[in-house]
Structures are given as structure tokens and as C-alpha cells.
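Report on the structure given below.
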Amino acid sequence: MGVKYIGAEVQRMEDLRLLKGSGRYVDDITRDRMLHVAFLRSEHAHANIKNIDTENAKNLDGVHGVLTYRDIASSFDLKRMSQLFPAPVIEQNITQYPVANEEVCYVGEIVAVVVAENRAVAEDAVEIINVEYDVMPAIIDCRLALEPNAPKAHNKSKNNLVGVIQTSFGEIDEAFKTADHIFRRSFLQHRGGCHAMECRGVVAEHDASENTLTLWSSTQCPYLVRRSLADYLGENEESIRVIAPDVGGGFGPKAGFYPEEIIVPLLARSFGRPIKWIEDRHEHFVATTTQRDQKWDVEVACNADGLIKGIRGEVTHENGAYVPYGFLLPFTSLTPLPGPYAVPAVDVSLKVVFTNTTPNSPVRGAGRPYAIYAVERLIETISKNLNIDAAEVRRRNFVKEEQMPYATGALLRDGSPVKYDSGNYHSCLEKALALAHHASFKDRQSSARNDSRFIGIGISSYVEDTGLGPYEGTTVRVQPNGKVLVRSGSASQGQGHHTFIAQIVAETLAVSLEDIVFESGDTGKFPHGVGTIGSRIAVNVGPSAYEAANAVKDKAIKLASETLEAAEQDLELSSGNVQVKGVEDLSVSLGDLARTLSPKAGGKVPSGFTPSLEATSYTGSNGSPFASGTNVAEVEVDILTGNVKLINYSVAHDCGTIINPKIVDGQIIGGVVHGIGNALFERMIYSEGGQPLTNTYADYLLPLATEMPNIEIVHEESASPLNVLGIKGAGEGGTIPATAAVVAAVENALEEFNVEIDYYPINPQHLTELIDG
Amino acid sequence: MELWLDLKERKRGMNSREISLKLNGCEVTATVEPRIHLADFLRHTLGATGTHLGCEHGVCGACTVNVDGDAVRSCLMFAIQVDGKNVTTIEGIANSDKTLHPIQEAFRKHHGLQCGFCTPGMVITLEAFLKNHPNPTEFEIRKAISGNICRCTGYQPIVAAAMEAATNLKNQGQ
Ligand code: FES
Ligand code: FES
């Protein structure tokens, strides 16, 4: 028999290499005769380009070329980039040129590119390019973008409205007419960038003899990059190979397709030499897509007992200057409504507006943290106004386990109903409360108060649609030496794909984890993949790995039954062999079976079999499994300085069947810390004119070890009925509820000052103002 | 696009110095431009790419290497400054028999890394710290790595790994 790997806390297969410094990230790749590029980026939020003088730069020693839009467009059809996710609701579908043509619309937009012998020289040359701009008025604050006299983000557009979306179901007017109470909240939400520790980067190489392009990119979605580049160039997809090597974190923004992923391969081809571009951190702040502000005006109708009858409101969403990623971020800002609660009517609309800031795309959690934050704010508001314990308001409103699968009433974009497949929200809440010693908190609070310390507790519950389709396939192939090759499209940025996929295959085929050879994230190795976004990999690749491994197992048993002259039902897999149950001597190795199915010249594949001991599966999940959970944060606020300190943090988390508890806990803790960063630290500030003011890590604060609490986790494992392994996604469930828990805890700590937080990240100075009234 | 194919000879060695150092125990002699920082020198001149660059402005700690016993940020130090010095990078931290250093081992056990990008800097920082602080508290470890940013792990597993490594190092009498 094999080892039980699924659910086991095995150590990661990835770690040895990475710990020894033998990882291979994009900047670690060198090619013969490689040149380097650096970009000149717009220093204005909105301007027309009058003239670009590249003469001095071109004359610098070591510079091989300086190119503007005009230079490249003289020999290549340099059009605007295409929309990655088109949708009819996008009224102004404005994407950018890879190199700006006449108008620049955010600080960071590419204006010219330098090719040089090394990066230092390329950067020297960038400094001496002279650009004359005609500076135009810029719109930066999304709340002002639709005012009649607001500056327009684009010269030629009629206004700043990109489009409007809405989620609406039930009898909303009725709900508000008949409710005992209506409460209203307004707040601004701010989410920052991904800030993966590795910035983006691209190496491109053109093979002139085969006319193929190879790209190494620090991307979450190599297949999306390949498709988009092939479409942009009007070329054969199979002539382009995109490899995501080791990637130093992704968190969303590396899932897009960027101008640099067009320019670098184009130059590699025209210069006939490999080209490398490595984004520096300063660039990352302006050139990598990010999340930003949402303004929410939202109200809730409820009964005297706190039972919610309806939620309605309006949202303004800051989009940035272009629409690179469709409306995926806005959509995910509404789809989580109304969270884990059985709310009969919802009507919320969201306006997407242009601003002259870096374009947006999802960051860990995408729009979901905004929506969950909004709902949780309403729960807190009901609790305060009706004087009902915040946990109790949740209990009264939660969808109950026996209501599963529960259709919220909302519709997905394809018209199908949003359905929570499984989960036990009550149980998660109680587990989180127990972990947080919630019952004794009041005592803790009053004794702290006696010492003039202000501590508070905050709860946040959430649901998350995980496992976005359509699939993420896997091939499992036994090699003649018995090692099992597993290939998948799913690129990893640290989530341990190798390990957990190997666990599934190794358990199914009764081989050891070390017998698995894993390859992924390379379009040259697997026909098609989708990408590592939206907590979707385990949900999609788990089932396909499981199915492919089972198909290999069946084939091996069928063939072995002929070889061993035994009935199939009498055979089992054990330690790399197929054997007669319990009889090790009557066995044949998987490697030998693989050899039988891949004969040499003149050989023969046994009749009734296809060649190769392998199988491929694209089985995924039959819809989105909904992960869920509750977080409880305990904080202490220093009313003198406004400093917020996290004391305890408790998580009850339900992501269905867990393949590797260590990896899942790692995702949760990292995710929570990201959410705490959103609540307390990460703020991308622009000046009124659109200059980014926080573009170093001295100014833009990321969570550090000293500020983070110990995070305790308890699991609820309600298996999803939607896929064969019962998996739900786990990549974002830490982040989604965290901000709301921290903000609620701060308000709770400052109860006696009646502080209402209307903006996050909570800024200590602002907090002292609120405390002082 | 032939237009831009005019390959110009860059004047090499115009402004350069010869330096010698010990990298992970091996003597190295190289010619460097004075403006090249240590991280670029290690990565691109010497091909030791285990040292990573996360910010290039001295905040993230990903580039941390050990110079004569101190953990330093190699993006804030010029290559010429290590002339005559001993530099240890992640590639040289393992035990002499090539097995993992107790800190590396503990990182593996406690899932102290995800993407692995911050990891070399973390390990080097902790190695220097634990040498001088064999009995650290959890918060002392948090302070020790407060100049190393990790976006993936939330730090907790790194702290757990460091606590265990401290114990193991002490037991080994290292
Ligand atoms: S790269 Fe040196 S501190 Fe960030
Ligand atoms: S493991 Fe990814 S940044 Fe630390």
C-alpha cells in the first residue's frame, strides 16, 4: 500500500533549492550576448508629448539604441494593447500603447526605451533623454472624477466614467419600507499594491532560424502572456514559449499582460540578441498595476432584533488611467454581497471611474475585501445601534448549514445563480470566538481600562467564491525508470504547487514524493493553462491531478493483469509496483509497464492499449466552491499617539478538504498579514497633481515582523460537493476578512470616544483627531 | 529596425579597480567599476545569484550578506568596499558536508518560506543574530528580522524556525 499523503503535513519539495540559493528567478537568467533595457517613464500624471530628444542618450558609450513610439511604429504596427477581459459594460474601453504615442495618462507610463550593454548604462541613458511635455490637468481623487468640471483623464474621452455595474435581487424598496431601522455608513477604502518581494522582469530571446520567441517572465499567467503576445504580434501561438521560472511572489498584479512583455521580445527580435528587463522597486510603485480607492455609501434595513432585510448603496471605484484587466476587479467588489448572511434583498451599484493614476488590477482578494468590509461595517453598525452583541447579530443573520446549497438571489455574469455550495458559518464563528477567548474579553477589557489601556475586539466573517474555472489540466506520465512525470500549466509564485500536486499523485500511484518529477509554468511543456489567480489552483488542478493519476493507475492495473495473469480486482499499487494484493513477489514495476507501452523499433504495444503509460485530465470543479470563515482581532490603541497594536489574532477557516495543512496555514497567515497591512499601514499617496509620494519602502509601509501578532488558526473542513476531492481555495481567505476585523477592533477599543472609522489604512494622526472628536 | 543596430564599443576599464576577497571561503579577484554595488557584483559579475534584490534602497533586507561577521545590505555597499574582506552568501551558509545549516533546516521544517525570494536575506540575518544572541526571545527574533520584509509568510513560521534553530545551534555548541 502507498503512503497517505493527502492531508499530511509533508515538507515542501520546493524548499531545498530555494534555501540553498539555487532558485532561478528571472534576473538570475543570463543568455549569451544579452542586452539590457531601461524605460523612460512619464513624470507627469497627464500630459501631451511635444518632443523627445534622444540624441545625447544615443551617443552614450554602451548604448545600443533609444526608441520612442515613432521609432518602433515606423516598422511595426504599434497599436493599443487589447482588452484582456472584454465585457459589454465597459463603456470606455481605453487601453494603453506599449510606448506612449501622443498622450501620457499616469506617472509611470512608458515614453521611451533604451537598449544598452548593461542595466546601469541603460539607466544612465534614460536620464539624459529630453522630453518636452505639455502638462494637462489631472484627475486623481475618484470621488471627484464625475463632477461636471472634473479634469478628464483622457483628452479625447467625453467624461471619466468607464462603466457602471450592479448587483440587485429581491424586493429592495419593500425591505426598506417595512424595516424597523435603517442605518447608513459612508467610508473610503484603500488597498495598495502587490509588493511581491521580486519585482517584475522579462528576458526575451529570438531564435532566427526557427523564428520562435522565448520569454522568461515573472508572471502568474504564462499562458495569458503567450496568448496576448501572439495576438498582439498577429503570430502563431506555438511559435512563442513563455516560461515562468521561480517567481518571487505574485499576489495578483503579475497575472496581467504588460507593455514590457511586448517591447522586450520585439527588441530581442529586431536587435537579434537576447534582452533583459528587470523592474526596479521605484518602477514597481508606478508601473505595476495596483488596487486603490473605493468610496462606499451604503445602508442596511433591519428589524428590531437585528435581522437584515436589505442592503443598498452606491460605490465609486478608482480604476486608474487605463483598463488593462476588464472589470474583474469591479465585478469581484460586488459578487461577494451579501457575504455569509441570508439577506433577502440587495441593490448596490458601482461606478468605475478613470483617474490619472497607475491602472488597476486585482491584488490578493481582488474586490472581495472591499465588499466584505462593507457588509461587516453594517453588521457592526447594527450591533452598536441596537445594542446587540456583534457575534449575535452575525448568528441571527448567517445562512444556516441546513440551507446549503444556498442561492443568494444574485446572478453570475453568465446568468446562473450564485450558490454557496457548503459550509458551516455558525461553527466557524463559534470556533473563532473560542480561540480568541471572546467570552472573557469584557473582563480583559475592563481590567485593561483600569490600567488606562484601551483594548478592543473585532469580528469579521466572510465567504469567498474560489476556484474560478474553466480548468487547470495535469498530465501524469510514468517514465521507464519508474519516476512519475507530472506536468501542469499552473505556475507557482510560492504556493507550493509542486508539493501538493505531488502529494495527490504520489498517494494515488503509491509512489514516494521523491519519485515525482514536477514541471509547470512553461507553455512549452503543457498545452494550455489558465493562471494562478482567484484562489483557483488547488480547486482546479487538484481534481485534474487526481483524475489523471487514477487513469494511469487503471491503465497500469489493466496491463499488469495481463502481465501477471491475475484479475484486476486482485491487484494493487504498492511502492512503485503493481502487485497481487499482499504478495510482493508477484509484481511488476510501473517503470516496466511504462516500457511495455513505449516499445523500441520493431516492438509492439499490447493490443487494447494506447502507447505511453500516461493520462491527461482537465477535470476541475463543477462551479465555484465557497470558502468561508471568521476572524477575530484583538488590539490595543494608544490614545496618546494613535498607535494600534495587535495583541491576538484568531482565525477559523473553512477551505474544504486540506491537502497540506502547513501550506494552507502559510497561505492564511500570509494573507491575514496582508489584510492587516491594508488596515494599518499600506497607503499609496498621490499628490493632487498625480505625483506618487510614497514610492519607497521608507514611505510605503509594509507589515513587518515586529508589528505582527501571533495568528492562531482552527479549521472547519466542510468538503465541497463540487469537486472530487472536496477542495475550496485558500489563497485569499486570510486577506479578505482581516481589514474589517482590525477596524472593528479599533472602534471597539475606543468605544467610549464613539469613534467611527471612515477610512483605512487607519492613520495614527487621523485616529488621534477622531479620539479628540 | 536596423537603424538602431549601431553597436558602439563601450570603453571598458576606463574607471575600474581590482579587488580581492574571500567569497564563501574561496579567494576571488575581480575588476569592478567603483559605482557597482556589492549585490550586483555578486550576482552579475560572480554569478552568485542566491543573493536577491527586493528594493535596491536599503529597506527590504533581501540582499543581506555577511561581511566579516556582520549582516549587511549588499545594495548599500559598493563592491570595492569588500576588498580584502570575507563575504558569506546564502550559497556558503550550509555545513561543510553540504547538509543544510540548522537555520535552513528549521525554515524547511516550519514552512518558513513560500516564494523563497526573501529567504536568503532572512537566513543570513538570522545567522549573524543567533551567533550573538544564543538565547533569544520570540520578540528579539522579530526585532532582528524587522529589517527584512517578507510578503508571503506573515513572519510567524520564520520566527518559529528561528526559535528552533537557536535551540539546535546551542545544542550543537556552534
Ligand atoms: S535590496 Fe537591499 S535592502 Fe532591499
Ligand atoms: S517567502 Fe516570499 S517574500 Fe518571503
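Atom set for the values below is all heavy atoms of this structure, side chains included, hydrogens, waters and symmetry mates excluded. Within every chain, numbering begins at 1; the chains are lettered A, B, ... in the order of the sequence lines, protein sequences first and strands thereafter. Everything numeric here is computed off the predicted structure, so don't read it as measured data.
Using a 4.5 Å cut-off between heavy atoms, B:Arg108 touches chain A through backbone and side chain atoms alike. For chain A, the nearby part of B:Cys60 is the side chain; its heavy atoms alone come within less than 4.5 Å. Heavy-atom distances place no part of A:Arg24 under 4.5 Å from chain B, backbone and side chain included. Neither the backbone nor the side chain of A:Asp246 comes within contact range of chain B; no heavy atoms are under 4.5 Å apart. Of the atoms belonging to A:Gln493, it is backbone heavy atoms, and not side-chain ones, that fall under 4.5 Å from chain B. The contact between B:Gln104 and chain A is made by backbone and side chain atoms together, counting heavy-atom distances below 4.5 Å. Only the side chain of B:Tyr155 comes within contact range of chain A, judged by heavy atoms closer than 4.5 Å. Contact of A:Asp665 with chain B is not made at all, since no heavy-atom distance falls under 4.5 Å. Only the side chain of A:Leu702 comes within less than 4.5 Å of a heavy atom of chain B; its backbone N, CA, C and O stay farther away. Looking at A:Gln667, both its backbone and its side chain come within 4.5 Å of chain B, counting heavy atoms on both sides. In this structure, the portion of A:Tyr25 lying under 4.5 Å from any heavy atom of chain B is its side chain and not its backbone. With a 4.5 Å cut-off on non-hydrogen atoms, A:Ile663 touches chain B through its backbone and its side chain both. Contacts of A:Ser22 with chain B are absent, with no heavy-atom separation under 4.5 Å from either backbone or side chain.
With respect to chain B, the highest number of heavy-atom pairs below 4.5 Å among A:Asp28, A:Ile669, A:Leu18, A:Leu16 belongs to A:Asp28. Among B:Thr153, B:Val123, B:Leu113, B:Val159, the residue making the largest number of heavy-atom pairs under 4.5 Å with chain A is B:Leu113. Contact count against chain A (heavy-atom pairs under 4.5 Å) is highest for B:Leu100 among B:Leu100, B:Ile93, B:Thr119, B:Ile158. Heavy-atom pairs under 4.5 Å with chain A peak, among B:Gly116, B:Gly50, B:Gly112, at B:Gly116. No other option in B:Arg142, B:Gln156, B:Arg151 has as many heavy-atom pairs under 4.5 Å with chain A as B:Arg151. Contact tally against chain B (heavy-atom pairs below 4.5 Å) for A:Asn710, A:Thr696, A:Val673: the top residue is A:Asn710. Counting heavy-atom pairs under 4.5 Å between each of A:Ala705, A:Gly250, A:Gly496, A:Pro709 and chain B puts A:Ala705 at the top. Ranked by heavy-atom pairs under 4.5 Å with chain A, the list B:Lys109, B:Met122, B:Lys143, B:Glu138 is led by B:Lys109. Between chain A and the options B:Pro120, B:Pro157, B:Cys152, the largest number of non-hydrogen pairs under 4.5 Å is found for B:Cys152. Each of A:Gly734, A:Cys199, A:Ala120, A:Gly23 has some count of heavy-atom pairs under 4.5 Å with chain B, and the biggest count is that of A:Ala120.
Separation of atoms CG (B:Leu42) and CG (B:Leu53) is listed at 9.5 Å; rounding is to 0.5 Å. Here A:Met197 contributes atom CE and A:His284 contributes atom NE2; the two are 8.0 Å apart, rounded to the nearest 0.5 Å.
Residues passing the salt bridge (Lys or Arg N to Asp or Glu O under 4.0 Å) test with B:Glu91, sequence neighbours excluded: none. Partners of A:Val113 by side chain to side chain contact (heavy atoms under 4.5 Å, CB included), not counting sequence neighbours, listed by chain and number: A:Val37, A:Phe39, A:Leu67, A:Ile72, A:Ile263, A:Leu267.
The two residues B:Ala166 and B:Leu130 come nearest to each other via the heavy atoms CB-CD2, 3.9 Å.
Under 3.5 Å, the side chains of B:Arg43 and B:His52 contain no donor-acceptor pair of N or O atoms. Of the N and O atoms on the side chains of A:Glu198 and A:Ser218, at least one donor lies less than 3.5 Å from an acceptor on the other residue. Between the side chains of B:Asn24 and B:Thr89, a donor-acceptor pair is found at a separation under 3.5 Å. Side chains of A:Glu14 and A:His498: no donor on one and acceptor on the other come within 3.5 Å. With no hydrogens or angles considered, no side-chain donor-acceptor pair links B:Thr29 and B:Glu18 at under 3.5 Å. No side-chain N or O of A:Tyr700 forms a donor-acceptor pair with one of A:Asn695 less than 3.5 Å apart.
Electrostatic pairing of A:Glu9 and A:Lys662 counts as a salt bridge here, judged by a charged N lying under 4.0 Å from a carboxylate O. Between A:Asp27 and A:Lys276 there is a salt bridge, since at least one side-chain N of the basic residue sits less than 4.0 Å from a carboxylate O of the acidic one.
Formation of a donor-acceptor pair under 3.5 Å by the B:Ser16 side chain with backbone atoms of B:Val32 is not found in this model.
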Checklist entry - Should A:His195 and A:Phe285 be marked as a ring-ring contact (aromatic ring centres under 6.0 Å, His included) after you check the CA-CA gap, both sets of side-chain angles, and the distance that decides it? => result CA-CA 8 Å; A:His195 298 289; A:Phe285 276 99; 4.8 Å; yes
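In this pair, B:His133 and B:Phe129 present their aromatic rings parallel. The plane angle is below 30°, not in the 30 to 60° band.
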Considering only distance and modelled atom types, tabulate donor-acceptor pairs under 3.5 Å from the side chains of residues 79-88 of chain B, sequence neighbours left out.
| from | atom 1 | to | atom 2 | distance (Å) |
| --- | --- | --- | --- | --- |
| B:Gln81 | OE1 | B:Phe78 | N | 2.7 |
| B:Asp83 | OD1 | B:Ser20 | N | 2.9 |

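Close approach to chain A, defined as a heavy atom under 4.5 Å from one of its heavy atoms, is seen in no residue of residues 64-77 of chain B.
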